[in-house]
Amino acid sequence: MADDTLQRLRGEVVACRRCPRLVSYRERVAQERKREFREETYWGKPVPGFGDPSARLVGVGLAPAAHGSNRTGRMFTGDRSAAFLVRALYDAGYASQPTSTRRGDGLSYRDFYLTAGVRCVPPDNRPRPDERDRCRPFLERELRLLSRARAILAFGGFAWEASLDAAARAFEVDRPGVAFAHGAAAPLGPGKPIVWASYHPSPQNTNTGKLTRAMLVDLLARIRAGYE
Ligand code: SF4
């Protein structure tokens, strides 16, 4: 699409209703709400990417969280995964502030853009293969539109597979056969971005020390050193 833009993509993402199971789940969660957020109006729609359109680093998550992005309408905003990730991004110099609590909280990214493999919250954080495949064209288009991207950082195994699939299509290369591991790197070829992997910043990983902030800040520094 020669005249495609991030703004057009955003509009299409937010209006998308292609996955019946996810549409009904995201809307039900937004109606039922969590007790502590009972007075809030949930977003309850697909969550578009957020960040610097000239970013050289693109982060890719799994999908919105039920009471995080599905509530706030911004990627990695309003839950404990967001708190951990954005603090690390701030330490690494990519985020304007160390917290991400709601749209309009003043957070902006420099040289960084944040998106996800699937844009609607899935039950049990598990999108089905058909849902993943239906959502993939959005990520492909986004990667093409982020024309300054030098690195793609996938958070967790699902995002890793989704990023390799979408990046291989976006950059018209064979899909790299690199296994997921924290710090794994899959170059797409000369002049094209490298896809990197991190453990997901979920409480399951960060509370157990599987992923520490120092590990993530170190990885962000290594990735940046590769393109600066
Ligand atoms: S997961 Fe993606 S393709 Fe499916 S309804 Fe949501 S935005 Fe649309």
Side-chain angles (χ1 to χ4, degrees), residues 1 3-34 37 40-51 53 55 58-79 81-82 85 100 102-103 109 112-146 149 152-171 175 180 195 197 200-202:
M1 225 185 279
D3 58 350
D4 204 8
T5 63
L6 283 170
Q7 200 175 350
R8 171 184 292 195
L9 178 63
R10 180 191 162 88
E12 289 179 38
V13 166
V14 171
C16 185
R17 302 184 65 84
R18 273 185 237 148
C19 303
R21 183 181 82 117
L22 301 189
V23 170
S24 108
Y25 185 65
R26 76 192 190 203
E27 291 176 356
R28 180 158 61 82
V29 170
Q31 281 301 315
E32 291 175 355
R33 291 166 286 187
K34 201 175 183 179
F37 304 124
E40 292 190 26
T41 302
Y42 275 43
W43 175 256
K45 296 188 284 261
V47 179
F50 168 64
V58 181
V60 182
L62 189 173
H67 306 284
S69 297
N70 186 58
R71 172 174 63 90
T72 60
R74 192 176 71 186
M75 286 291 173
F76 279 101
T77 300
D79 63 8
S81 300
L85 175 62
S100 174
R102 58 178 175 81
R103 280 179 294 136
Y109 292 128
F112 183 76
Y113 186 95
L114 193 49
T115 186
V118 166
R119 315 297 170 123
C120 293
V121 54
D124 302 320
N125 287 325
R126 278 174 212 260
R128 291 192 316 219
D130 60 309
E131 293 159 348
R132 175 200 62 202
D133 292 349
R134 229 174 271 129
C135 214
R136 187 183 51 225
F138 287 138
L139 182 56
E140 261 178 74
R141 278 171 62 189
E142 211 161 32
L143 293 178
R144 272 191 222 108
L145 288 164
L146 294 163
I152 298 160
L153 174 56
F155 296 108
F158 181 93
W160 172 248
E161 299 298 334
S163 297
L164 290 178
D165 283 345
R169 287 163 187 259
F171 297 100
R175 186 188 190 285
F180 174 77
V195 185
H200 192 282
S202 62

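Reckoned from all heavy atoms, side chains included, excluding hydrogens, waters and symmetry mates. Whatever order the structure lists ligands and atoms in, that order sets their numbers, starting from 1.
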* Identify, with sequence neighbours excluded, every residue that meets side-chain contact (heavy atoms from CB on, under 4.5 Å) alongside Glu40. =>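 Checked Glu40 against side-chain contact (heavy atoms from CB on, under 4.5 Å); matches are Phe37, Arg71.
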* Who passes side-chain contact (heavy atoms from CB on, under 4.5 Å) against Asp130, sequence neighbours left out? ->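 Partners of Asp130 under the side-chain contact (heavy atoms from CB on, under 4.5 Å) test: Arg128, Arg134.
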* Asked: Is there a donor-acceptor contact under 3.5 Å from the side chain of Ser69 to the main chain of Phe76?
  ->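 Pair found, side chain donor or acceptor close to backbone of Phe76.
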* atom 8 (Fe) of ligand 1: which protein N, O or S atoms are under 2.8 Å away? ->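 N, O, S partners closer than 2.8 Å: Cys16 SG.
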* Give the intermediate values and the outcome of side chain to side chain contact (heavy atoms under 4.5 Å, CB included) for residues Glu161 and Arg132. => CA-CA 10 Å; Glu161 299 298 334; Arg132 175 200 62 202; 6.0 Å; no
* Asked: Going by the order shown, which atoms of ligand 1 are within less than 4.0 Å of some heavy atom of Val118?
  ->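 Listed by number with element: 1 (S).
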* **Validation row: Val118, Phe158 side chains within 4.5 angstrom (heavy atoms)** =>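 When only atoms from C-beta onward are counted, Phe158 and Val118 do touch, with a gap below 4.5 Å.
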* Please list, chain by chain and in numerical order, all residues satisfying ring pair (Phe, Tyr, Trp, His ring centres under 6.0 Å) with Tyr42, sequence neighbours excluded. =>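 Result, ring pair (Phe, Tyr, Trp, His ring centres under 6.0 Å) vs Tyr42: His67.
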